[in-house]
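One structure below.
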Amino acid sequence: MTGRGRPGKARSPDTKCATCKTRPEELKPYVPKSPGKGFAEEKQKRTTKEQKPKVQKKAVRFEEKPHVQSTCKDKTTKPFTEKTNKQQSTPTEITKVPVQVTKACAKRAETTEQSVEKITKTPKDTTKGSLKPTKAKKCGGKAKSAEKNLEELTKVQPDAPKDTTTASMKTTKAKTCADKAKSPGKIKETTTEMLPETPKKTTKVCVPQERREDKVNSILNKTLENLKIKRDERSDAAEVINKIVKTITVHLKKNTQCFKEVTDLPTGSYYENLKISKPDEFDIMLAIPVDRVNVNPFGDDGAYYSVELKRGESPLQKFLEKNILSASKMLKEFRDEVKKCVKRFPVCKPWKIGCPAVTLTTTVQSIAISLDVVLSIMVKSSWPPFTNEGIKIDGWLGTKEKQEYKRKPYYLVPKYEGRGNVENDGVLAKDTWRVSFSHIEKAILKNHGSEKTCCEKAGARCCRKDCLKLLKHLLKLLKEKDSSFDKFCSYHAKTTLLHACCSRTKDSDWIGSNLSSCFQLLLKDFIGHLEAGVLNNFFIPTQNLLSGPTQSKCKSLALRIREEWENGFPIFK
DNA sequence: CATGTTCGCGAGTGC
DNA sequence: GCACTCGCGAACAT
């Protein structure tokens, strides 16, 4: 039971600003494939796939990336056009990819131009069908808690401009009720409601706000539906990415001394099941264990550190500068090694100063994919004192869980801000490391319920992750519309959710059918952080993740979000 | 809604 | 210590 119930610990860092990486190409019109043919081919593909030796699947996994929280590294990912596609011409480095290569190809071609966004708008017929049920279901659920939602909403939106809505609502009230009556399951209630003698609840349910609520609810659910990652796309991307990662780790283990002990930690939203739209960003943290180190803060926010190796033999000695482990030296070598083994790969890598990742990009079935390979060192001693006031999950996940997490190692990634040659106590900024808890983030998100059964088959489904997906999506869309928001990233959204979970700790605060009100509460939180210009790192509260963007940018983003909210999220439509 | 598929992931096993 | 297998959960799909 230990094993399977709640594995508890996995790691997932989602540090990177997914948003930063947003590529316009991601949003292209969706071209539905013809039902008949598509289906047939689909079948075929699947079968073919099954034939591929399963063996292969296991091995590879991706690492997590260190967070790039406050400073969104703008990875100028240039989708370059390589064809990793399945052609026999597969790069030699990659282990032979038998059968499947061909298979996907054929079918793929058709799907190429799909884009998430469109999908949303033009649900293919099939999707539509499935959507309906969902919707209906939600409504049903909602109805039950209508009163509650209403209250919450009212509270939440102080100055919501529902005046107009309200007005129209009133007039349409009767109609709403009537409509409702039509929906199965509702009939009973409705009937009662219609009776003059039973005005109470009935009336309440039919209030204008509820109508608005229904609409918002429907939009959010539809949006979520469209954010789902297609199975085939995921499959194809995973195949390529896993192969690349495998290649890299094998190379490092076999051909290097200093990185021999590497282990890979898949992190980031893909591995947290929080990736939206397309499987186009992967984060793999490649961790090198270090023993006997002294870790000293660099700067005053507790996020950056210098690492001193105590005496003794270590494969990392070549990276020492006066006993200090030089992040820049180590990263340089790491990058060179990675480059070596992916040379024949359809990958290329631009890289930003101060960025801990080697970003590889490729194209799989017309989807530009980036893989951030992040060097990190794993420190097994206790967490830095700056974390003492962080990770306040006692009321949510429990103290024991927290202790479990704190017993795990933490990671440091070669990342700095500002100028690399700035010196502090004899240490150069470029040789410093930023702490990363992506593995803990991943574990927490995977195991996010106050009840052990949250989201399990036997338990109640919550909407925590759905809320986060929506917030990420909203932020991403706003950034696309206004490039001056580029300093904001998905890590801000994730951190906001983590804080929110600590203040609304019970699973009943996040009931799945209350998506709309929960999401709006989360927005309220986010707006609050933006207006205050303060969003503390979840693990290191002394670090303000909003110190990057200016106050006025924060305020204007807050304003934009409020606008969307008050108008029923037109941006999602 | 129930059932099936695939990927990710931890546990177990054998070497 | 490893590589590999097995079985399960999550999410997508039918």
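Being a predicted model, the structure only gives us computed values, none of them experimental. By convention in this document, chain letters (A, B, ...) are assigned in the order of the sequence lines, proteins followed by strands, and residues within each chain are numbered from 1.
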When you measure from the side chain of [X], which nucleotide among [options] comes out closest?
X: A:Lys465; options: C:dA11, C:dC12, C:dA13; result: C:dA11
X: A:Arg461; options: C:dA11, B:dG8, C:dA13; result: C:dA11
X: A:Lys228; options: C:dC12, B:dC7, C:dG9; result: C:dC12
X: A:Arg231; options: B:dG4, C:dA11, C:dA3; result: B:dG4

Practice task
To the nearest Å, give me how far apart NZ (A:Lys446) and P (C:dA10) are.
Solution key: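 Those two atoms, NZ and P, are 9 Å apart.
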
Does [X] place a side-chain N or O at less than 4.0 Å from the phosphate oxygens OP1/OP2 of [N]?
X: A:Asn242; N: B:dG8; value: yes
X: A:Tyr270; N: B:dG8; value: yes
X: A:Ser235; N: B:dT6; value: no

Practice task
Answer yes or no: is there a donor N or O on one side and an acceptor on the other, between the side chain of A:Glu225 and the main chain of A:Asn221, under 3.5 Å?
Solution key: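 Flag not set: sc A:Glu225 to bb A:Asn221 has no pair under 3.5 Å.
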
Problem - Test side chain to side chain contact (heavy atoms under 4.5 Å, CB included) applied to A:Trp396 and A:His448, step by step - result: CA-CA 9 Å; A:Trp396 166 29; A:His448 57 258; 4.2 Å; yes

Exercise for the section: Only counting residues at least two apart or in another chain, list the ones meeting side-chain hydrogen bond (donor to acceptor under 3.5 Å, both in side chains) with A:Arg292. Expected result: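 For A:Arg292, no residue satisfies side-chain hydrogen bond (donor to acceptor under 3.5 Å, both in side chains) once neighbours in sequence are set aside.
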
Handout entry: Under the side-chain hydrogen bond (donor to acceptor under 3.5 Å, both in side chains) test, residues paired with A:His251 that sit two or more places apart
Key =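 So A:His251 forms a side-chain hydrogen bond (donor to acceptor under 3.5 Å, both in side chains) with A:Asn255, A:Glu337.
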
